[in-house]
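Have a look at the structure below before the remarks.
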2 protein chains.
Amino acid sequence: MASNQLSGSLDLLLLSVLERGEAHGYAVIARLRDVSGDAFDLPEGTVYPALHRLEADGLLMSRWDSSTGRRRRAYSITDSGLAALGEKRREWKAFSQGVQAVLGSLSRPGRPAQAAL
Amino acid sequence: MASNQLSGSLDLLLLSVLERGEAHGYAVIARLRDVSGDAFDLPEGTVYPALHRLEADGLLMSRWDSSTGRRRRAYSITDSGLAALGEKRREWKAFSQGVQAVLGSLSRPGRPAQAAL
DNA sequence: CCAGATACCTAGATTGTCTAGGTATGGCCA
DNA sequence: TGGCCATACCTAGACAATCTAGGTATCTGG
């Protein structure tokens, strides 16, 4: 995916990772990179503000964790977050099926001329 | 899809529709609405500027069509546009597979706690 | 004759993501 | 022990994409 275009599904990705359990920002980034096979290598400047926003919206909550010596902010998903995740999953499904429908029904090299005039 | 978030695949959708053959803006909108089962009902203020941009980038070309009495600008895809469409299709595939990977591998209700700390 | 669908357009608001900076600590190796 | 790199966090502002909200004009059906 060359240069990143997260598009609008960043929240979906973050909430999905955190559905699994508590994680801190840096780990979320690494997780997304690994699971997606390097498709998503998100800049910190994208992820941290998004986590803050999701927390401000009540979809995540956080605590400071000093157990490892190094200071980390550990995020976990709230009930609202789980609900929002469900909704965003539905939206993603509708969206990707919509794209698929357009690609599938129109992009096959049918008769090339005078389609929709 | 509640309130629209085309996100970054607008070009892909427009080029896909026009791959089939010449069409004017209003028809492109209708086509997307129909094919996607109402998932995509794009505002004109989104589509017209996008068509202009794609033409300025050389991916589309247009001509005025007065054959129906009503004035219409008919767009068709160029060779560059076809090449760009191929590329955007690859990008979409990588992106949606990436999302799918994240949803699939992480969103199943596995062990819930202490995932990535 | 009028309403509503067709058909086009643009300026500016809004929003999301990224760039580009910054700080600080821990671990490793020379 | 000193230095470097990875880890870990943060923010301001740039930039780009999409949408809102207006506008014009023509054709069609009732």
Side-chain angles (χ1 to χ4, degrees), chain A residues 1-15 22-34 39-57 60 62-75 88 91 95 98-99 116-117, chain B residues 1-15 22-34 39-57 59-60 62-75 88 91-92 95 98-99 116-117:
Chain A
M1 225 178 330
S3 243
N4 282 330
Q5 291 297 61
L6 259 305
S7 8
S9 29
L10 177 58
D11 294 0
L12 171 64
L13 296 174
L14 297 179
L15 291 171
E22 215 180 30
H24 63 278
Y26 213 76
V28 169
I29 292 172
R31 182 63 80 102
L32 283 171
R33 195 183 328 102
D34 294 346
F40 302 135
D41 191 6
L42 310 191
E44 299 172 25
T46 295
V47 172
Y48 287 117
L51 291 172
H52 298 163
R53 177 173 43 76
L54 291 171
E55 184 173 18
D57 292 348
L60 297 179
S62 73
R63 63 181 181 86
W64 281 104
D65 170 35
S66 304
S67 64
T68 50
R70 196 188 292 279
R71 112 194 201 277
R72 290 164 164 180
R73 187 189 286 279
Y75 289 91
K88 281 168 195 302
E91 283 172 21
F95 176 70
V99 173
L117 259 185
Chain B
M1 224 175 331
S3 242
N4 281 331
Q5 293 296 62
L6 259 303
S7 6
S9 29
L10 177 57
D11 293 1
L12 171 64
L13 296 174
L14 298 179
L15 292 171
E22 215 180 30
H24 63 278
Y26 212 76
V28 169
I29 292 172
R31 179 66 78 102
L32 283 171
R33 194 185 327 102
D34 295 346
F40 302 135
D41 191 5
L42 310 191
E44 299 172 26
T46 295
V47 171
Y48 287 118
L51 291 172
H52 298 163
R53 176 173 45 75
L54 291 171
E55 184 173 18
D57 291 347
L59 308 186
L60 298 178
S62 73
R63 64 182 181 85
W64 281 103
D65 170 35
S66 303
S67 64
T68 50
R70 195 189 292 280
R71 111 193 202 275
R72 291 165 164 178
R73 186 189 286 279
Y75 289 91
K88 281 168 196 302
E91 283 171 21
W92 162 257
F95 175 70
V99 173
L117 259 185

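Below, each value reflects all heavy atoms present in this structure, side chains not excepted, and no hydrogens, waters or symmetry copies. Letters A, B, ... mirror the listed sequences (proteins, then strands); counts begin at 1.
- Spacing between atom CZ of A:Arg63 and atom P of D:dA8 amounts to 14 Å, rounded to whole angstrom units.
- Partners of A:Glu44 under the side chain to side chain donor-acceptor pair (under 3.5 Å) rule, at least two apart in sequence or in another chain, do not exist in this structure.
- Without hydrogens or angle criteria, B:Asp57 side chain to B:Leu59 main chain gives no donor-acceptor distance under 3.5 Å.
- Considering all non-hydrogen atoms of both residues, A:Val28 and A:Ala23 come closest at CG2-CB, 4.0 Å.
- Checking A:Arg71 against A:Thr46, the closest nucleotide of DNA chain D that is more toward the 5' end is the one next to A:Arg71.
- D:dA8 atom C1' lies 13 Å from atom CG of A:Leu51, rounded to whole Å.
- For the salt bridge (charged side-chain N to carboxylate O under 4.0 Å, His left out) test, residues two or more places apart in sequence or in another chain that qualify with B:Arg53 are B:Asp11.
- Residue B:His52 has no polar side-chain atom (N or O) positioned under 4.0 Å from OP1 or OP2 of C:dC8.
- The nearest heavy atom of DNA chain C to B:Pro49 and to A:Arg53 marks one nucleotide each, and the one closer to the 5' end goes with B:Pro49.
- Look at OH on A:Tyr48: it is 4 Å from P on D:dC9, rounded to the nearest Å.
- For the atom pair OG (B:Ser62) and CZ (B:Arg73), the distance works out to 4.0 Å, reported to the nearest 0.5 Å.
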Strictly under 3.5 Å: I want the nitrogen or oxygen pairs between protein and nucleotides 27-30 of chain D, one per line.
residue : atom : partner : partner atom : Å
D:dC27  : O4'  : B:Arg70 : NH2          : 3.2

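- Along DNA chain C, the nucleotide closest to B:Trp64 and the one closest to A:Leu10 are compared, and the more 5′ of them pairs with B:Trp64.
- The distance between atom OH of A:Tyr26 and atom C1' of C:dT23, rounded to the nearest whole Å, is 14 Å.
- For B:Thr68, the side chain to side chain contact (heavy atoms under 4.5 Å, CB included) partners two or more places apart in sequence, or in a different chain, are B:Arg70, B:Arg72.
- For A:Leu42 and C:dT19, the CG to C1' distance is 14 Å, given to the nearest whole Å.
- Ring orientation note: the planes of A:His52 and A:Tyr75 are tilted relative to one another, at an angle of 30° to 60°.
- Atom CD in B:Glu44 sits roughly 18 Å away from atom C1' in D:dA17 (whole-Å rounding).
- Phosphate proximity of C:dC9 to B:Arg73: present, with a side-chain N or O under 4.0 Å from OP1 or OP2.
- Counting only heavy atoms from C-beta on, A:Pro43 has its side chain closest to C:dC18 among C:dC18, C:dA7, C:dT17.
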Nucleotide N/O of nucleotides 1-3 of chain D paired with protein N/O under 3.5 Å:
none

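- Between the CG atom of A:Asp41 and the C1' atom of C:dT19 there is a distance of 15 Å, given to the nearest Å.
- The structure places CG of B:Leu13 at 8.5 Å from CH2 of B:Trp92, a figure rounded to the nearest 0.5 Å.
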Item to check | Stepwise side chain to side chain contact (heavy atoms under 4.5 Å, CB included) check, A:Leu14 with A:Leu32 | outcome: CA-CA 8 Å; A:Leu14 297 179; A:Leu32 283 171; 4.1 Å; yes

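- Per the geometry, CG belonging to B:Asp65 stands 17 Å off P belonging to D:dT26, to the nearest Å.
- Counting non-hydrogen atoms under 4.0 angstrom, B:Gly25 reaches the backbone sugars and phosphates but no base.
- With sequence neighbours excluded, the residues forming a salt bridge (charged side-chain N to carboxylate O under 4.0 Å, His left out) with A:Arg33 are A:Asp41, listed by chain and number.
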